[in-house]
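Contents: one structure, followed by commentary.
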Amino acid sequence: MQIKNLKISSPIVIAPMAGISNGAFRELCFEFGAGLVYTEMVSDKAIFYDNKKTIDMLKIDDDYHPVSLQLFGSDISSMVYAAKVLDKKTNCDIIDINMGCPVNKVIKSFAGSAMMLNEDNSVEIVKKIIENVDKPVTVKMRLGYTKDNMNYLSLAKKLEKVGVSAIALHARTRSQMYEGKADWSHIKILKDSLSIPVIGNGDVKTVDDFIKMQKETNCDAIMIGRGVVGNPFLIKEISNYLSGDNNYQISFDDRLDYCLKHGQKLVELKGEKIGISEMRGLASHYLTGMYSSTVYKEKLNHINTYEDLYNVINEYRELLKTVS
């Protein structure tokens, strides 16, 4: 896949996820073979007002690319200002405009999925951004706001005309949130209707899901979100499948090692207090499907230090040794 002048080496794309897609997580994704990884979405207003927390989120490690930095907002002047900052003052590879986030606090500011309700205004914002930046500009959207207003195709065609370099489609409406089943047939419709790359998104949680979406939609790349939370090994499984090796299996020991590595990277990135606070919501995912993990998942929900994380994981490791 090529996005403007940027060549993406693998069709495995990792979605922007709030509170997850930071530098520590992105590093793991690239280590396992992702072709493109998105950042957490950042607010145009926060960039405009030079919010320190947001400015820190713009930092991208030189060793891990390509990265798409996702921007959300709905005001044309602050969106263009923020896009210029991303273009000139960060080392991101792509600027992505969020037209898909369904959460209320984003919708209330007419951003995210709400941008799909006013096509002309949204296209004008994107057009002005493209005119003012050098980096490729892409858009991530949903099918529409509701099932009765699925306007993704008309909006995507307008965006292609003003110079958008690729579109990622989450095959749900805003009203579905993250419930129900993603309808991949719309990804195929979009792919058949555009000449720019189309990235399919929604309900890819296994290698078989990845293969099925590829076959059913012929999309240029596939975006995975919740399927890799606590399971970056899925990226490696897909990557190995694409290279003809179907024998990759992650061991329990490796799964636990990467849980510790993720925690360590978060502590290095954000300090122990914040890093471990965030890890509390992530660590238990690494144990999903493993033997007798319920008690240890609960313990992981109460960790306060890296030492706590280390002790719980290794206590669980010792248990596994007794039953292997």
Side-chain angles (χ1 to χ4, degrees), residues 1-16 21 23 26-27 29-42 44 47 57-73 76 79-100 122-141 152 155-170 187 190-201 214 217-224 235 238-239 242-243:
M1 177 174 66
Q2 187 153 323
I3 296 178
K4 198 175 179 180
N5 56 353
L6 180 69
K7 192 166 185 179
I8 310 298
S9 62
S10 164
I12 306 168
V13 177
I14 307 304
S21 302
R26 295 196 301 268
E27 182 177 332
C29 292
F30 281 119
E31 184 174 329
F32 282 109
L36 173 65
V37 182
Y38 284 55
T39 65
E40 303 173 74
M41 64 181 184
V42 293
D44 65 329
I47 294 172
M57 290 169 67
L58 305 183
K59 295 173 182 173
I60 297 167
D61 194 303
D62 288 337
D63 295 330
Y64 299 101
H65 285 268
V67 169
S68 178
L69 225 164
Q70 191 181 66
L71 182 65
F72 78 94
I76 190 163
M79 283 289 279
V80 171
Y81 174 90
K84 286 181 178 180
V85 171
L86 302 191
D87 189 50
K88 303 301 181 189
K89 297 184 179 180
T90 80
N91 61 341
C92 74
D93 303 280
I94 296 169
I95 299 168
D96 185 74
I97 310 304
N98 183 312
M99 294 190 192
S122 298
V123 171
E124 183 63 18
I125 289 172
V126 175
K127 179 175 179 287
K128 290 296 185 186
I129 288 172
I130 291 169
E131 290 171 351
N132 282 276
V133 303
D134 295 321
K135 290 175 180 174
V137 176
T138 62
V139 170
K140 185 173 188 289
M141 64 170 65
Y152 69 93
L155 178 55
K157 286 181 176 179
K158 291 176 183 177
L159 291 167
E160 182 180 35
K161 281 184 180 179
V162 298
V164 162
S165 296
I167 290 181
L169 180 64
H170 182 161
I187 299 171
L190 190 63
K191 171 59 186 169
D192 290 344
S193 303
L194 302 182
S195 58
I196 57 174
V198 170
I199 302 168
N201 178 220
Q214 268 192 329
T217 71
N218 196 34
C219 60
D220 298 276
I222 292 173
M223 179 180 282
I224 312 171
I235 302 169
I238 296 170
S239 184
L242 293 171
S243 65

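Within the model, atoms CD1 of Ile3 and CD1 of Ile8 stand 4.5 Å from one another, a figure rounded to the nearest 0.5 Å. Between Ile167 atom CD1 and Ile187 atom CD1 the span is 12.5 Å, to the nearest 0.5 Å. Expressed to the nearest 0.5 Å, how far CD1 of Ile238 lies from OG of Ser10 amounts to 8.5 Å. With rounding to the nearest 0.5 angstrom, the CG atom of Leu242 is 6.0 Å from the CD atom of Gln214. Of the inter-residue distances, the one linking Lys127 atom NZ with Ile76 atom CD1 reads 9.0 Å to the nearest 0.5 angstrom. Here Met79 contributes atom CE and Lys128 contributes atom NZ; the two are 14.5 Å apart, rounded to the nearest 0.5 Å.
Contact annotation: the side chain of Ile97 never approaches that of Ile125 to less than 4.5 Å [non-hydrogen atoms, C-beta and beyond]. Contact of the Pro11 side chain with the Ile222 side chain is not registered, since no non-hydrogen atoms from C-beta on lie closer than 4.5 Å. Counting heavy atoms from C-beta on, the side chains of Thr138 and Tyr38 come closer than 4.5 Å. Side-chain contact between Leu159 and Ile196 is absent, with no heavy-atom pair separated by less than 4.5 Å. Looking at heavy atoms from C-beta onward, Pro16 lies out of side-chain contact with Asn98 at the 4.5 angstrom threshold. Using a 4.5 Å heavy-atom threshold, the side chains of Leu86 and Ile47 count as touching.
What you find for Gly33 and Ile12 is that their closest heavy atoms are O-CD1, 4.1 Å. Summarising the geometry of Asp93 relative to Pro136, their closest heavy-atom pair is O-CD, 3.3 Å, with the distance given to 0.1 Å. Contact record, Ser68 with Leu36: N-CD1, 4.0 Å, taken as the closest heavy-atom pair. A pairwise comparison of heavy atoms in Met99 and Ser122 identifies CE-CB, 3.8 Å as the closest pair. The shortest non-hydrogen separation linking Ser193 to Glu160 is O-OE1, 4.5 Å. Residues Ser21 and Arg26 approach most closely at O-NH1, 2.9 Å, considering heavy atoms.
Atom NZ of Lys158 is surrounded by more than 12 heavy atoms from other residues, nucleotides or ligands within 6.0 Å. Taking a 6.0 Å sphere around NZ of Lys4, one finds it holds more than 12 heavy atoms contributed by other residues, nucleotides or ligands.
No donor-acceptor distance shorter than 3.5 angstrom exists from the side chain of Asp220 to the backbone of Met1, with no hydrogens or angles considered. Formation of a donor-acceptor pair under 3.5 Å by the Glu27 side chain with backbone atoms of Tyr64 is not found in this model. Side chain of Asn91 to backbone of Ile60: a donor-acceptor contact under 3.5 angstrom is found.
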Notebook entry, point to check: Step by step, would you call Val13 with Val37 a side chain to side chain contact (heavy atoms under 4.5 Å, CB included)?
Noted result: CA-CA 6 Å; Val13 177; Val37 182; over 6 Å; no
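For the pairing with Leu69, the side-chain contact (heavy atoms from CB on, under 4.5 Å) check across Thr90, Ile94, Val85, Asp87 returns one residue only, Thr90.
Residues satisfying the side-chain hydrogen bond (donor to acceptor under 3.5 Å, both in side chains) criterion with Glu31, sequence neighbours excluded, are Tyr258, Lys261.
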